[in-house]
Amino acid sequence: MIIAEWKPLSELTAKLRGHKKILLVGCATCVAECAAGGEKEVETLAPLLRMALHKEGHPAEVVTRTLERQCEWEFVEELAPLIPQVDAVLSIACGIGIQAVAERYSEVPVYPGVNTTALAIREEPGLWLARCQACGDCGLGETFGICPVARCAKSLQNGPCGGTRKDGKCEVDENLECVWYQIVKRAEARGQLDKLLEFRPAKNWSNSLHGGPKRVLREDLRP
Amino acid sequence: MTERAGSRLERVLAAGHFAVTVEVGPPRGPNAAAVRRKAELLSGVADAYNVTDNQTAVVRMSSIAGARLLLEAGLEPVMQMTVRDRNRIALQSDLLGASALGIKNCLCLSGDHQQASASGKLNGHPGAKHVYDVDSIQLLAILKGLGEQVQESGDPIAEPARFFIGAAWSPLAPPEAFRVLRLAKKVAAGADFIQTQAVYDVPRFAAQVAKAREMGLCDQIAILAGIIVPRSARMLQYLNEKVPGVEVPEELIRRLRAAVNPASEGKMIAQELIEAVRVIPGIRGVHLQAIENEEVLPEIISAAELLPRPVLNIGA
């Protein structure tokens, strides 16, 4: 899923100061799963915002709405009757949802309430870990199903750097596994360590952001 | 083996001498005189001098400039180059430039993550965007290509940019079973010489070198054992606990703690380590580091009976 994290309340109020009626809009898909932007978080954040704005001398009304998916136009359309009644929107969906609302309702300012940070999995309750970086050149078949692009701090392609700690953690963060340590362990368990001997040449990054903003066109699905 | 770049280091090794390299950290400013002072201090004690590339991700004078300043002072540099800050375009461009400036040795590294820059007393640049377009092994392949007049993309270059190609090796870092294979990958990608992570646990190091020897790797590359001159028990403890791949036997820490003069005991330890790694079959030299303490190096190298360094006939 796409994961996001709340921005500090002070950053939100600094942007919203002066607005009288604010629509706080969430999304019931990825950001709900990662407990950042679903209905529950919308209803938690709304009173906090009201109180903070009031305390700072800029009282405002905060109305709430959570869309099924903020990244699909048909759901975004549901906000149409609400928009003329507000003078600002605060979205706590991922960056895709925020932009969809900003595009459909370009007449009002739309602010991000979260930072979108990764494509991740919920590892344990309250813990999410990045899994994919949408690099556009998937090599999971060569790395035993573990992605070094997203999960190695240096996105190394040919094995671990010298920074693997004694306990198999990454030198950049003692709480994170060295992903190449994990790949090697999985290769060993399968008796295929020699597969990691193969030189992996420089990646082609052009099918990701580095090739320019991504555009996928499927003629078979065109009207 | 045909000559790769004709560097002094390459020729010293080819002639069968036990090589000595030392590390020279460039200053955190534009002071050329600071580099020249270090050059003067260390002139004659080593075959080549490593110039670090923004080590620990702290901004310093570039390794290309530092390496050129050493050349002008009559010392042969090993230019270190990390893949942290440059993509394949910048790497190749800088390598062509380095070659044009007369730099013939290059050590290819992943580089410390930018987060390391904020781990000491400095603010560093932990918010920097890193590159890692290629990894250190892919960089080795790039250098090999440049020596054969071909860029990473396959495009030709007008003349070859030849380097004696170096790589790092951390044989005791986990996963230990893979470390020898990683060395093999580096050899296959184009490495000519290796400078290892600091060695304190000689038997464990020797065991990993023996595995490399069994794979025939030691016939294809020259391994220089890394030695960091210890200054105090606290420093050894720090290296043991905080620096991945560095394993310090407890007895060495105890010995330095008990020493009346830890600095001179540390020099003694460095000298003993040089002597111990020297007899390991497959070890062709030492790479010495005395971090911000380079003035101790001549004495240690002399005590280890590695002076004077061999004189090679120019053009030989």
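So you know, we letter chains A, B, ... as the sequences are listed, proteins then strands, and number each from 1.
- Side-chain atoms of B/Q138 and A/N158, non-hydrogen and from C-beta on, do get closer than 4.5 Å to each other.
- Side chain of A/T164 to main chain of B/A173: no donor-acceptor pair is present (N/O by atom type, distance under 3.5 Å, no hydrogens or angles).
- Within the 4.5 angstrom heavy-atom criterion, only backbone atoms of B/V246 (N, CA, C, O) approach chain A.
- A distance-only check finds no donor-acceptor pair linking the side chain of B/K185 to the backbone of A/G159 [under 3.5 Å].
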**OP:** Apply side chain to side chain contact (heavy atoms under 4.5 Å, CB included) to the pair A/W205 and B/R88, showing each step before the final yes or no.
**Re:** CA-CA 12 Å; A/W205 299 99; B/R88 66 193 83 177; 3.5 Å; yes
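- Shown here is B/H130, whose NE2 atom has more than 12 heavy atoms of other residues, nucleotides or ligands within 6.0 Å.
- No more than 12 heavy atoms of other residues, nucleotides or ligands sit less than 6.0 Å from atom OH of B/Y238.
- At a 4.5 Å heavy-atom cutoff, the contact between B/E152 and chain A is made by side-chain atoms alone.
- Residues of residues 113-121 of chain B lying under 4.5 angstrom from chain A, judged on non-hydrogen atoms, are B/H113, B/Q115 in numerical order.
- Applying the 6.0 Å contact sphere to CG of B/D155 captures more than 12 heavy atoms from other residues, nucleotides or ligands.
- More than 12 non-hydrogen atoms from other residues, nucleotides or ligands lie less than 6.0 angstrom from NE2 of A/H210.
- Listed here is the closest heavy atom pair of A/G162 and B/P244: O-CB, 3.4 Å.
- If you take CH2 on A/W180 and CZ on B/F178, they are separated by 6.5 Å, rounding to the nearest 0.5 Å.
- Here the closest non-hydrogen pair linking B/P175 and A/P160 is CD-CG, 4.0 Å.
- Residue B/N240 touches chain A through both its backbone and its side chain, counting heavy-atom pairs closer than 4.5 Å.
- Most heavy-atom pairs under 4.5 Å with chain A: of the set B/V131, B/D135, B/L109, this distinction falls to B/D135.
- Contact annotation for B/R179: only side-chain heavy atoms (C-beta onward) come within less than 4.5 Å of a heavy atom of chain A.
- With a 6.0 Å radius and a threshold of 12 heavy atoms from other residues, nucleotides or ligands, B/E250 has its CD atom above the threshold.
- Comparing B/P174, B/G245, B/S136, B/A168 by how many heavy-atom pairs each has under 4.5 Å with chain A, the most go to B/P174.
- Atom CZ of A/R17 sits in a crowded spot, with more than 12 heavy atoms from other residues, nucleotides or ligands closer than 6.0 Å.
- Look at A/K166 and B/E247 and you find a salt bridge, because one of the NZ, NE, NH1 or NH2 atoms lies within 4.0 Å of a carboxylate O, short of that distance.
- Residue B/I157 places its CD1 atom among more than 12 non-hydrogen atoms of other residues, nucleotides or ligands, all under 6.0 Å distant.
- Side chain of A/K154 to backbone of B/G111: a donor-acceptor contact under 3.5 angstrom is found.
- The contact between A/V172 and chain B is made by backbone and side chain atoms together, counting heavy-atom distances below 4.5 Å.
- For the atom pair A/R200 CZ and B/I137 CD1, the distance stands at 11.0 Å (nearest 0.5 Å).
- Only the backbone of A/E198 has a heavy atom closer than 4.5 Å to any heavy atom of chain B.
- By the 4.5 Å heavy-atom criterion applied to side chains, B/L181 and A/L193 are counted as neighbours.
- Counting non-hydrogen atoms of other residues, nucleotides and ligands closer than 6.0 Å to NZ of A/K169 gives a total above 12.
- Contacts of A/P201 with chain B are made by backbone atoms alone, with heavy-atom separations under 4.5 Å and no side-chain atom involved.
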